Asker: 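Can you read through this structure? Questions will come right after.
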Amino acid sequence: MPRRASTTIITIALLSYPTANARSQQPGQTLHEHEAIELADSLSPLISFHPWTPLLIPERHPSLTRLTEDDFIKAANELGVEVATIKAVVQIEAGPSGKGFSEEGVPIINFDFSLFQKFAKRRGIKLSKFKKSNPVVFAPLNRRKYGSTQKAQFARLNSGMEIDSVVALEATFWGMFQIGGFNWKKCGCSSVDEFVELMSTSERDQLELFVRYIISRDLGGYLQAKNWAGFAMRYNGKSYAKRGYHKRLARAYRKFASKNK
């Protein structure tokens, strides 16, 4: 579990959409305790609206710390697979950069509107009532308007959370392994909020959630046997073959395996 800072000097880290009261503060700015408390009070609507926001975090900024080879080795041993196998999954899910965060405290995400619709219906929410009040969540991803893909993704997530925070968080894929928020129980978390908080803390936490997920879904055997298709179907969905997921995963594995020889 991530621990909150308890020192008298507290570092503030904000997401890309601060309120008007927050705009005078810059990410990473160090404040004294009384100043941090005042800022936290002014941001209370933001905090309650974005439960994953790491507002008060240790000064070492764990989200900016990349995974080490030892981290990969430990996870690989826990799953009984090769390090190259885990790195291959990272490359397919997070891209060549392999990063779990787009900026400090802000995990890579992918908001899935089709899942949002499905989960909303399951909770008895009529989304048609919100088309005028929350147009962003219904609109296509607008990179030009928000400046980047990730900021556009968060804009849709934020809009969806105004309708129902649980539905929106569960309909989003998180971190370098792109695990759906609806899998929070399979990751050993007590709630989707805990899942998102861990996803927002560090790449190491993201890796640990991946390990828990693989174990709970009993997917380790597919990775051990390099049964890429079997793993892809269960991890990426039934349409994995159309996207060539298993073939890309196999190529990525061969690339990383060759580097270890």
Side-chain angles (χ1 to χ4, degrees), residues 1-3 11 13-17 27-28 50-55 57-76 78-79 81 83-112 141 148-158 168-184 186-189 192-217 219 223 235-236 245 248-249 252-253 255-256:
M1 284 289 294
R3 294 182 293 276
T11 297
L14 301 178
L15 279 179
S16 304
Y17 306 101
H50 303 295
W52 73 88
T53 305
L55 182 66
I57 62 175
E59 287 191 341
R60 62 190 180 89
H61 306 303
S63 65
L64 297 181
T65 303
R66 301 305 311 278
L67 289 175
T68 66
E69 194 66 18
D70 286 342
D71 292 328
F72 280 110
I73 291 172
K74 180 180 178 181
E78 197 169 348
L79 294 175
V81 302
V83 168
T85 300
I86 297 180
K87 289 183 176 180
V89 177
V90 172
Q91 178 166 305
I92 301 305
E93 294 293 341
S97 70
K99 291 183 177 180
F101 292 80
S102 59
E103 56 187 279
E104 181 185 314
V106 185
I108 297 293
I109 68 164
N110 181 26
F111 177 80
D112 191 317
L141 198 69
S148 72
T149 297
Q150 280 304 298
K151 288 181 179 179
Q153 292 282 8
F154 269 102
R156 295 189 82 194
L157 172 58
N158 292 346
L169 294 175
E170 289 188 345
T172 301
F173 292 84
W174 298 85
M176 63 200 311
F177 295 97
Q178 287 293 282
I179 300 174
F182 60 92
N183 286 310
W184 56 268
K186 292 182 175 65
C187 292
C189 296
V192 68
D193 285 349
E194 181 189 2
F195 170 86
V196 173
E197 183 177 5
L198 288 170
M199 279 290 183
S200 304
T201 301
S202 70
E203 288 190 351
R204 190 169 295 173
D205 284 287
Q206 292 181 5
L207 178 60
E208 176 58 30
L209 290 172
F210 171 75
V211 170
R212 295 183 199 173
Y213 178 73
I214 295 299
I215 292 174
S216 69
R217 290 285 312 280
L219 298 180
L223 293 176
Y235 192 85
N236 190 250
Y245 187 97
R248 290 186 287 122
L249 188 59
Y253 163 77
K255 180 186 77 172
F256 289 113

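The figures that follow rest on heavy atoms only: side chains count, while hydrogens, waters and symmetry mates do not. Predicted, not measured: the structure shown is a model, and the values here were computed from it.
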Asker: Between Glu69 and Lys87, is the closest basic N to carboxylate O distance under 4.0 Å?
Answerer: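 Yes.
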Asker: What distance do Phe177 atom CZ and Leu209 atom CG have between them, rounded to the nearest 0.5 Å?
Answerer: 9.5 Å
Asker: Nearest 0.5 Å please: distance from the CD atom of Gln91 over to the OG atom of Ser97.
Answerer: 9.5 Å
Asker: Within a strict 4.5 Å, meaning less than it, do heavy atoms of the Val89 and Tyr253 side chains meet?
Answerer: no
Asker: Strictly distance-based, threshold 3.5 Å: is any side-chain N or O of Glu203 a donor or acceptor partner for the main-chain N or O of Leu67?
Answerer: yes
Asker: Is a side-chain N or O of Trp174 found less than 3.5 angstrom from the main chain of Leu169, in a donor-acceptor match?
Answerer: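 Yes, the answer is positive, given that a donor and an acceptor are paired below the 3.5 Å cut-off.
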Asker: Do the side chains of Glu103 and Lys151 get nearer than 4.5 Å, heavy atoms only?
Answerer: yes
Asker: Apply the side chain to side chain contact (heavy atoms under 4.5 Å, CB included) test between Ile108 and each candidate in Gln153, Gln150, Gln206, Met176; give the one that qualifies.
Answerer: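 Between Ile108 and the candidates, side chain to side chain contact (heavy atoms under 4.5 Å, CB included) is satisfied uniquely by Gln150.
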Asker: Under the side chain to side chain contact (heavy atoms under 4.5 Å, CB included) criterion, do Val192 and Phe182 qualify, and how do the steps go?
Answerer: CA-CA 7 Å; Val192 68; Phe182 60 92; over 6 Å; no
Asker: Given side chains that start at C-beta, do those of Glu93 and Tyr245 come closer than 4.5 Å, heavy atoms only?
Answerer: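 When only atoms from C-beta onward are counted, Tyr245 and Glu93 do touch, with a gap below 4.5 Å.
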Asker: Determine the interplanar angle of the Tyr235 and Phe210 rings, folded into 0 to 90°, and report it as parallel if under 30°, tilted if 30 to 60°, perpendicular if over 60°.
Answerer: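 Tyr235 vs Phe210 ring planes: perpendicular.
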Asker: Can you give me the closest heavy-atom contact between Cys189 and Phe195, atom names plus distance?
Answerer: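 What the structure gives for the nearest pair is SG-CA, 3.6 Å.
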Asker: Does the side chain of Phe111 reach to within under 4.5 Å of the side chain of Asn158, using non-hydrogen atoms?
Answerer: no
Asker: Return the CZ to CD1 distance between Arg217 and Ile179, rounded to the nearest 0.5 Å.
Answerer: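 Rounded to the nearest 0.5 Å, the CZ-CD1 separation comes out at 10.5 Å.
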Asker: In Å and rounded to the nearest 0.5 Å, what is the CG to CD1 distance from Leu157 to Ile109?
Answerer: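 Answer for the CG-CD1 pair, Leu157 versus Ile109, is 4.5 Å.
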Asker: Does a side-chain heavy-atom distance below 4.5 Å link Ser216 with Asn183?
Answerer: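 No - every pair of side-chain heavy atoms lies 4.5 Å or more apart.
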Asker: Given side chain to side chain contact (heavy atoms under 4.5 Å, CB included), test Glu78 with Arg212 step by step and report yes or no.
Answerer: CA-CA 10 Å; Glu78 197 169 348; Arg212 295 183 199 173; over 6 Å; no
Asker: Got a second to check how far Leu198's CG is from Arg204's CZ, nearest 0.5 Å?
Answerer: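 These two atoms lie 13.5 Å from each other.
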Asker: Is Glu170 reaching over with its side chain to a backbone N or O of Gly180, donor-acceptor style, under 3.5 angstrom?
Answerer: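 Here the side-chain-to-backbone pair does not exist.
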Asker: Any idea which heavy atoms bring Val211 and Ala75 closest together, and the distance?
Answerer: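 Minimum heavy-atom separation between Val211 and Ala75: CG2-CB, 3.8 Å.
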Asker: Do Ile86 and Leu207 have side-chain heavy atoms sitting under 4.5 Å apart?
Answerer: yes
